[in-house]
Amino acid sequence: MRLSVIGCGYLGAVHAAAMASIGHEVVGIDIDERKIATLAAGEAPFFEPGLSEILADGIASGRLTFTTDFAAAAGAAVHFVGVGTPQVKGGYAADLTYVNAAVDALLPHLSEGDIVAGKSTVPVGTAASLAPRITAAGATLVWNPEFLREGFAVQDTVDPDRLVAGVPAGPDGERATGILREVYHPSIAKGTPFIVTDYATAELVKVSANAFLATKISFINAMAEIAEVAGADVTMLADAIGHDVRIGRRFLGAGIGFGGGCLPKDIRAFSARAEELGRGESVAFLREVDDINMRRRERAVELVVQGLGGSVHGKKVTVLGAAFKPYSDDTRDSPGLDVAVRLHGLGAVVSLTDPEAIDNARRQHPQLTYVADRDEALTGADAVVLVTEWDEYRRDLTPEHAASLAAGRVVVDGRNAFDPAAWRAAGWTYYGMGRP
Ligand SMILES: NC(=O)c1ccc[n+]([C@@H]2O[C@H](COP(=O)([O-])OP(=O)(O)OC[C@H]3O[C@@H](n4cnc5c(N)ncnc54)[C@H](O)[C@@H]3O)[C@@H](O)[C@H]2O)c1
């Protein structure tokens, strides 16, 4: 099938390349000329395992092209819209400027019978408000939210754990469902559940999934706060409660909390939308989830200050990680980067390293010192803080090796990823999150 993908960021670039990899003919469209030039050259504009390969293959096959010209969307049967929906400046709501602009730019190029498939994460009610414009152009709007995880985005797009399509009632909706089934045929044939709903349900599936995940993380971080005052170990607690299949161990990693381009802004936008709908109280707990999450960053900073005897001023603090999670170079709302910035604000001489995210981090916070080489970053450190559990740190950095480079022996494990006994045995004063 011929497809267009509007917006070629973390979601759209992967979607375009993945759709080409399963045999579709795809044009990716974005307003960012530099990003399009990079993609058109077959290079990934950001770090995502497996993306470079399917981009290069798609371009070499002639099935995948990229352009800034919306006219290239003409002739595609399905137009996926995956532009950004960031938090508005000075508020909690989602900024729908880019979604509206993308739809407006697409409208003149739509033909009778085309499908416009929204993939961006949007407040419930957005599809219903966009639909009349799209219907007037003879096309049908569906909402097909995206659940990919950065770091596993290619796999999650080609082989998602479920597909959700919010469609209008009646024959247009039935026809659109059939076309989406064709688009995703390889995955559906392998047994991926394909759930067809109305617009509102599809939009809510996405935001409620993220609200649930954020809540699960903040739940265990709240337990970490209690463990800290009670002298308990939250990692053992998580293991023990995680054996209950109704609870499950995943997303119970206590630490400095969640971040990235999705969870924080999505739970805030959900709160804002619920308020607009007169049901703010139903998700009032999400404010608490957000607050717990933000407090854990401050806790990591407190532990560094404590470890260094009450002040970090003039002390060299090595921060391991900048990406909001491993296998991604995304530093949007990264808790680890925030910890680094807070330490810098307290007068620490921060030396920050990350295998993939230094460029993005430097663009956001040019005031910090970035060191590409891990060992060089560790050299002469008074304290070491783990904020992103890359294998290079969690698995490959031994406490003995770290001790051979650092000046001090204070380690703050912001992800509870190190073995406290091993670090203590090597002479370090170890601080975990929610551990004695
Ligand atoms: N990143 C993820 O892991 C992920 C996962 C699921 C859902 N989402 C959702 O997908 C959407 C996109 O997220 P992202 O992380 O890819 O963001 P991003 O910032 O990486 O990409 C957004 C892209 O849209 C482009 N764009 C903006 N206005 C445009 C316009 N008018 N026409 C064409 N292109 C335009 C930008 O130039 C940018 O390349 C958001 O709603 C997000 O919540 C993201």
Side-chain angles (χ1 to χ4, degrees), residues 4-18 27-40 44-49 51 66-73 79-88 93-109 116-124 126-127 130 143-157 160-164 202-203 205-207 209-211 213-214 258-270 323-325 327-334 360 363-364:
S4 81
V5 178
I6 316 298
C8 296
Y10 285 91
L11 185 162
V14 174
H15 194 70
V27 58
I29 302 174
D30 200 291
I31 50 172
D32 183 334
E33 289 184 6
R34 262 186 43 198
K35 197 175 277 185
I36 286 297
T38 308
L39 286 164
F46 47 85
F47 175 77
E48 181 62 48
L51 177 59
F66 290 97
T67 178
T68 55
D69 182 4
F70 274 79
H79 308 272
F80 290 100
V81 178
V83 298
T85 48
Q87 190 175 336
V88 290
D95 184 351
L96 294 175
T97 312
Y98 306 101
V99 171
N100 280 309
V103 167
D104 285 340
L106 181 61
L107 284 177
H109 308 290
V116 176
K119 291 205 79 63
S120 302
T121 304
V122 291
V124 58
T126 303
L130 291 171
W143 215 267
N144 173 215
E146 179 57 60
F147 302 99
L148 71 82
R149 298 160 299 165
E150 285 176 26
F152 304 90
V154 173
Q155 177 195 324
D156 287 350
T157 305
D161 47 20
R162 81 289 213 190
L163 289 156
V164 174
E203 292 163 327
V205 166
K206 175 64 194 174
V207 290
N210 277 359
L213 294 173
F258 59 81
C262 291
L263 291 194
K265 61 109 176 148
D266 287 351
I267 61 167
R268 292 170 196 156
F270 196 6
F324 84 100
K325 66 172 184 180
Y327 316 112
S328 173
D329 67 354
D330 197 346
T331 55
R332 288 178 289 182
D333 209 340
S334 163
N360 283 339
R363 263 192 292 279
Q364 265 176 277

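Remember, it's 1-based here, ligands and their atoms both numbered in the order they're listed. These numbers come from the heavy atoms of this one structure, side chains and all, not from hydrogens, waters or symmetry mates.
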message = Within this structure, what is the NZ-SG distance for the pair Lys206 and Cys262, rounded to the nearest 0.5 Å?
response = 5.5 Å
request  = Please work out whether any backbone atom (N, CA, C, O) or any side-chain heavy atom from C-beta onward of Lys265 is under 4.0 Å from ligand 1, and answer side chain, backbone, both or neither.
outcome  = side chain
ask   = Should Tyr10 be counted as touching ligand 1, given the test is an N or O pair under 3.5 Å?
value = yes
remark   = The closest protein heavy-atom partner of atom 22 (C) of ligand 1 is Gly84 N, 3.5 Å
inquiry  = Return the closest protein heavy atom for atom 7 (C) of ligand 1 as residue, atom name and distance.
reply    = Thr121 OG1, 3.5 Å
query = Of all the atoms in ligand 1, which lie at a distance below 4.0 Å from a heavy atom belonging to Ser120?
reply = 41 (O)
query = Atom CG in Asp156, atom CG in Leu148: separation rounded to 0.5 Å?
reply = 6.0 Å
task = Write out the residue and atom name of the closest protein heavy atom to atom 40 (C) of ligand 1, then the distance separating them to 0.1 Å.
result = Thr85 OG1, 3.5 Å
key: Closest approach of any protein heavy atom to atom 6 (C) of ligand 1, naming residue and atom   = Glu146 O, 3.3 Å
ask   = How close does the nearest protein non-hydrogen atom get to atom 44 (C) of ligand 1, and which residue and atom is it?
value = Cys262 SG, 3.4 Å
ask   = Can you list the ligand 1 atoms lying under 4.0 Å from a non-hydrogen atom of Lys206?
value = 6 (C)
task = Show which atoms of ligand 1 fall inside a sub-4.0 Å distance from at least one heavy-atom site of Asp32.
result = 37 (O)
request  = Would you give the length of the straight line joining atom OG1 of Thr38 to atom CD of Glu33, rounded to the nearest 0.5 angstrom?
outcome  = 11.5 Å
Separation between CD1 of Ile29 and CG of Leu39, rounded to the nearest 0.5 Å = 12.5 Å
inquiry  = Using every non-hydrogen atom in the two residues, find where Asn144 and Ala117 come nearest and quote the distance to one decimal.
reply    = CB-CB, 4.5 Å
key: Flag side-chain contact, heavy atom, 4.5 Å: Thr121 against Pro145   = no
note = The side-chain hydrogen bond (donor to acceptor under 3.5 Å, both in side chains) partner of Lys265 among Thr85, Asn210, Asp333 is Thr85
query = In ligand 1, which numbered atoms sit nearer than 4.0 Å to a non-hydrogen atom of Phe70?
reply = 32 (N), 33 (C)
ask   = Is the closest heavy-atom distance from Phe147 to ligand 1 below 4.0 Å?
value = no
Considering all heavy atoms, the nearest Tyr327-Phe152 contact = CD1-CZ, 4.5 Å
query = Does Asp30, backbone or side chain, put an N or O under 3.5 Å from an N or O of ligand 1?
reply = yes
task = Among all protein heavy atoms, pick the one closest to atom 1 (N) of ligand 1 and tell me residue, atom and distance.
result = Glu150 OE2, 2.8 Å
ask   = Out of Ala13, Gly82, Gly9, who gets a non-hydrogen atom closest to atom 12 (C) of ligand 1?
value = Gly82
query = Which of the numbered atoms in ligand 1 are below 4.0 angstrom from a heavy atom of Ile6?
reply = 33 (C)
ask   = What residue and atom, counting heavy atoms only, is the protein's closest point to atom 11 (C) of ligand 1, and at what distance?
value = Val83 O, 3.3 Å
message = Any atom of ligand 1 sitting under 4.0 Å from a heavy atom of Lys119?
response = no
inquiry  = Please check: side-chain N/O of Trp143 versus main-chain N/O of Ser120, any donor-acceptor pairing under 3.5 Å?
reply    = yes
ask   = Is it the side chain, the backbone, both or neither of Phe152 that has a heavy atom closer than 4.0 Å to ligand 1?
value = neither
query = Does Arg332 make a cation-pi contact with Phe324 (under 6.0 Å, within 45 degrees of the axis)?
reply = no
request  = Please confirm whether Asp266 comes within less than 3.5 Å of ligand 1 when only nitrogen or oxygen atoms on both sides are compared.
outcome  = no
inquiry  = With a heavy-atom distance limit of 4.0 Å, tell me whether Ala105 approaches ligand 1 through its side chain, its backbone, both, or neither.
reply    = neither
Modelled atom types, side-chain donor and acceptor of Thr157 and His15, under 3.5 Å = no
key: ligand 1-proximal atoms of Asp330, by part, heavy-atom distance under 4.0 Å   = neither
ask   = Which atoms of ligand 1 sit under 4.0 Å from any heavy atom of Lys35?
value = 38 (C), 39 (O)
inquiry  = Rounded at 0.5 Å granularity, tell me how far CD in Gln364 sits from OG in Ser334.
reply    = 8.0 Å
query = Side-chain contact, heavy-atom cut-off 4.5 Å: Glu48 with Val14?
reply = yes
inquiry  = Among all the protein's non-hydrogen atoms, which is closest to atom 5 (C) of ligand 1, and how far away is it?
reply    = Leu148 O, 3.6 Å
message = Could you work out, for atom 16 (O) of ligand 1, the closest of Leu11, Asn100, Val14 by heavy-atom distance?
response = Leu11
task = Please indicate whether any nitrogen or oxygen in Arg332 is less than 3.5 Å from any nitrogen or oxygen in ligand 1.
result = yes
task = Decide yes or no for Leu213 and Phe258: does some side-chain heavy atom of the first lie under 4.5 Å from some side-chain heavy atom of the second?
result = no
key: Side-chain donor/acceptor of Lys119 to backbone N/O of Leu11, under 3.5 Å   = no
